[in-house]
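What follows is a set of notes on a single structure, which appears directly below.
When reading the values below, keep in mind they use all heavy atoms of this one structure, side chains included, and skip hydrogens, waters and symmetry mates. We name chains A, B, ... by the order of the sequence lines, and we start the count at 1 in each one.
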Number of protein chains: 4
Amino acid sequence: MPKIVDHDQYRKELLSKCFDLFAQKGYGSVTMRQIAQEMGVSTGTLYHYFSSKEALFEQLVEEISQQDVSAALAELEGKETLSEAMTALGKYLVKNEDYFIKWTFVWVDFCQHQDSEKLRHQSSVFKRANQRYQQAACSFLGVQDQVLASFVLSFVNGLILEKLCGDETIDFVEQCTLLGKMLTAYLQQNSTIQN
Amino acid sequence: MPKIVDHDQYRKELLSKCFDLFAQKGYGSVTMRQIAQEMGVSTGTLYHYFSSKEALFEQLVEEISQQDVSAALAELEGKETLSEAMTALGKYLVKNEDYFIKWTFVWVDFCQHQDSEKLRHQSSVFKRANQRYQQAACSFLGVQDQVLASFVLSFVNGLILEKLCGDETIDFVEQCTLLGKMLTAYLQQNSTIQN
Amino acid sequence: MPKIVDHDQYRKELLSKCFDLFAQKGYGSVTMRQIAQEMGVSTGTLYHYFSSKEALFEQLVEEISQQDVSAALAELEGKETLSEAMTALGKYLVKNEDYFIKWTFVWVDFCQHQDSEKLRHQSSVFKRANQRYQQAACSFLGVQDQVLASFVLSFVNGLILEKLCGDETIDFVEQCTLLGKMLTAYLQQNSTIQN
Amino acid sequence: MPKIVDHDQYRKELLSKCFDLFAQKGYGSVTMRQIAQEMGVSTGTLYHYFSSKEALFEQLVEEISQQDVSAALAELEGKETLSEAMTALGKYLVKNEDYFIKWTFVWVDFCQHQDSEKLRHQSSVFKRANQRYQQAACSFLGVQDQVLASFVLSFVNGLILEKLCGDETIDFVEQCTLLGKMLTAYLQQNSTIQN
DNA sequence: AATGAATGAGCGTTCATTCAT
DNA sequence: TATGAATGAACGCTCATTCAT
């Protein structure tokens, strides 16, 4: 079944081309014509691959949420100390700032357009994505504490959100360094207590 | 003599009525007819008070960003220990979860529709708002470290963002408690070192 | 009944203020708000004096068509020769070019918005105006030939129409001089024949 | 392969269908829905062929101004005497009265909506049209005098304008006959003098 | 007499979507 | 498979008009 493979592959290629468009304008302000033009196809072809604007957007979100987080994490892992890891994290955020901001725009947009019913149905995508992030965070931190992982994820999300909102004073490296110090202090204290 | 109404006051009343609508649907997906209906006026009246959809949205953001943060902070201040303060923060977040989520939706939406030129012009609103938050955070934490204030703000924003994205596993109180512990450990360590 | 006199007088003053507006934009493109603003009154006041936009326009046309043509003709009469009279006519047209062009715009606009039924009803205005023009033309030319009067009127209207359409090559004085020569030649020939 | 239609050809066909509409109501009072209905297409299709109401109107004017005047002149030429020619002209005007009146309505309307800046840009259309008319008039009269050509054109325009304004007393044949006599007298006199 | 806030139908235009080719 | 012409509902917005003050 080579056709189907091609079809599906082409579909994903098309999707990747409209990520920026949704990130910059938001679901409600992007038109199917703009998407088609960005993809380099006609509107007819667009509808040949996606049944509706909504379906296209959902598939886009599914696609980007399935992007392998482990590959990215590989770049961050293998640091000897927490301090080094945090510096690496900060630099990583700086390097991919634009992408993370776009990703956040699309993600928030998607959440906004999910009414509660659909949220149940779609939650599998969300949950799987979230689990991957949590696992990656645990692996990265070298701990198994889910709450701690959530803490770090929230903090990182928050940093990006601040940047996205135009706060140019925030410094990813500085903030991650601070996180490193706090984590170190916290973990030391805990281990001391536990000992 | 015409009907006496406080034009400006009425404008703000109208604005407050469409906050939820923008939060739920997003700028691009809300129609002026929906807004008018939600406000209980005709579209003509809507345009009597707001020159365009864009102007209306900008005024909405300006309005909600000017809401006095100090009033909210009063509820949180006056805690003896960091631990107590963090528990209070967690409970506060839980209590106002819906509002903060809506606020975040609107804020992100607004950022998305600002092109870089306008961002400079609008930045005063952003900057003033951000400064208020930073000051409040410093006051709340009882420290003057701007970086630490940014850290806490980012974390809180991140928590709300997680919730907004449908992560129901996150627990505001639990997370804030963890933040309290980490802050305590970090500050103790620092004071020890400085001593 | 002084009130009524004032009312009517004020109404005519208001009308005179919107002549230019209708001439420049045309009936369909002028808004009642623009008219009110041009008049320096509120829309409410506007409707106090005119029952509708249509009524206002009709009254405007009636007003300008009743403007005493004899006063204007006084400026042109009393010329010894046809040649002198035609030179005076040409200069008169040059001097009042803008006004005649506006007048033509409004008049054509009015004719366009008269459906055939109303035309019968309104024709009295038209007919009376036209009779005045014909009489004036006869008096001006010093003849009683209605066809000749129509000829001259048509020609003058045509000159203004050409100018209105942007033909800057046309020269009123030159054209009127030519008209004078042709009339002279024609009248001489006729009198010769008749003798 | 898409539906094959000659886009440009179809555009012109559509244009021809809305000439009467603009002539009867005027630019400002015609709606795009009315135009679409008259053309037998949807509003969406209308905008597929014309980017805006203004663009549509401009193209309409360009189209009708490019209609070959020479074809019409062929019907008038070849008369032995000026007198015959003028009788033919009068009959021609009577026969095409409706068309000329509509044409005048549209043309005046167009001039009204041209602001001075655009007039410069559009003047090429006007100037070319006017030149064609002048040439035709010269050819028709059998003379090369531009001023005389303008005279006749103005007169004819004036006749139509009078008719358009509802003056039913005017008689095209009678007037043109008079024009013939005047021209004859004038030209005879001139040739006599020149001899 | 005078105001301008209020209305909602209707404006020019765009939209997601369909379908003959 | 791929196209883009076609649709008509719905968009943001404006309009002539009304009416409480």
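Regarding contacts with the backbone of F:dA2, every side-chain N or O of A:H48 stays at 4.0 angstrom or more from both OP1 and OP2. A sub-4.0 Å separation between OP1 or OP2 of F:dT7 and a side-chain N or O of D:T45 is present. OP1 or OP2 of E:dA6 lies within a sub-4.0 Å distance of a side-chain N or O belonging to B:Y49. Taking 4.0 angstrom as the limit, B:Y47 places a side-chain polar atom (N or O) nearer than this to OP1 or OP2 of F:dC13.
Closest heavy-atom contact between A:H113 and B:S29: NE2-OG, 3.1 Å. Between D:V108 and C:F105, the shortest heavy-atom contact is O-CE2, 3.5 Å. For the pair B:F22 and B:V30, the tightest heavy-atom approach, listed with the atom from each and the gap, is CA-CG2, 4.1 Å.
Each of C:S52 and B:Y27 was assigned the nucleotide of DNA chain F with the nearest heavy atom; the assignment lying further toward the 5' end belongs to B:Y27. Toward the 5' end of DNA chain E, the nearer of the two residues D:V30 and B:S42, judged by each one's closest nucleotide, is B:S42. Heavy-atom nearest nucleotides on DNA chain E were determined for D:G28 and for B:G44, and the one closer to the 5' end corresponds to B:G44.
Listed candidates were F:dG8, E:dG12, F:dT17. Nearest to the side chain of C:M32 is F:dT17. Listed nucleotides F:dC11, E:dT3, E:dG12 differ in distance to B:T31; the shortest reach to its side chain belongs to F:dC11. In the set F:dT17, E:dA2, E:dA6, E:dA2 carries the atom at the smallest distance from any side-chain atom of C:Y10. Closest approach to the C:R33 side chain among F:dC11, F:dT17, E:dG4 is made by F:dT17 (side chain taken as heavy atoms from C-beta onward).
Between the P atom of F:dT14 and the NZ atom of C:K25 lies a distance of 13 Å, rounded to the nearest Å. The NE2 atom of D:H7 sits 13 Å away from the C1' atom of F:dA6 (whole-angstrom rounding). Between C:Q34 atom CD and F:dC15 atom C1' the separation is 11 Å, expressed in whole Å. Whole-Å rounding puts the A:L56 CG to E:dT17 P distance at 10 Å. Computed from coordinates, the D:K53 NZ to E:dT14 C1' distance equals 17 Å when rounded to whole Å. Going from atom CG of B:L46 over to atom C1' of F:dC13 covers 10 Å, rounded to whole Å. Between D:F57 atom CZ and E:dT13 atom P the separation is 14 Å, expressed in whole Å. Following rounding to the nearest Å, C:F50 (CZ) and E:dA2 (C1') show an atom-to-atom distance of 15 Å.
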Writing each nucleotide of DNA chain E 5' to 3' as (, ), [, ], | or . by Watson-Crick or G-U pairing under 3.5 Å yields .||||||||||||||||||||
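Residue contacts shown for D:T43 include a base, since a base heavy atom lies under 4.0 Å away.
Applying the side-chain hydrogen bond (donor to acceptor under 3.5 Å, both in side chains) test to B:K102 and every residue at least two apart in sequence or in another chain returns B:D20. The side-chain hydrogen bond (donor to acceptor under 3.5 Å, both in side chains) check on B:Q67 picks up B:Y99, with sequence neighbours excluded.
Classified by interplanar angle (parallel below 30°, tilted 30° to 60°, perpendicular above 60°), the ring pair C:F57/C:Y27 is tilted. In this pair, D:W103 and D:W107 present their aromatic rings parallel. The plane angle is below 30°, not in the 30 to 60° band.
Checked options D:Q59, D:E63, D:H48; the residue passing with D:R11 is D:Q59 (criterion: side-chain hydrogen bond (donor to acceptor under 3.5 Å, both in side chains)).
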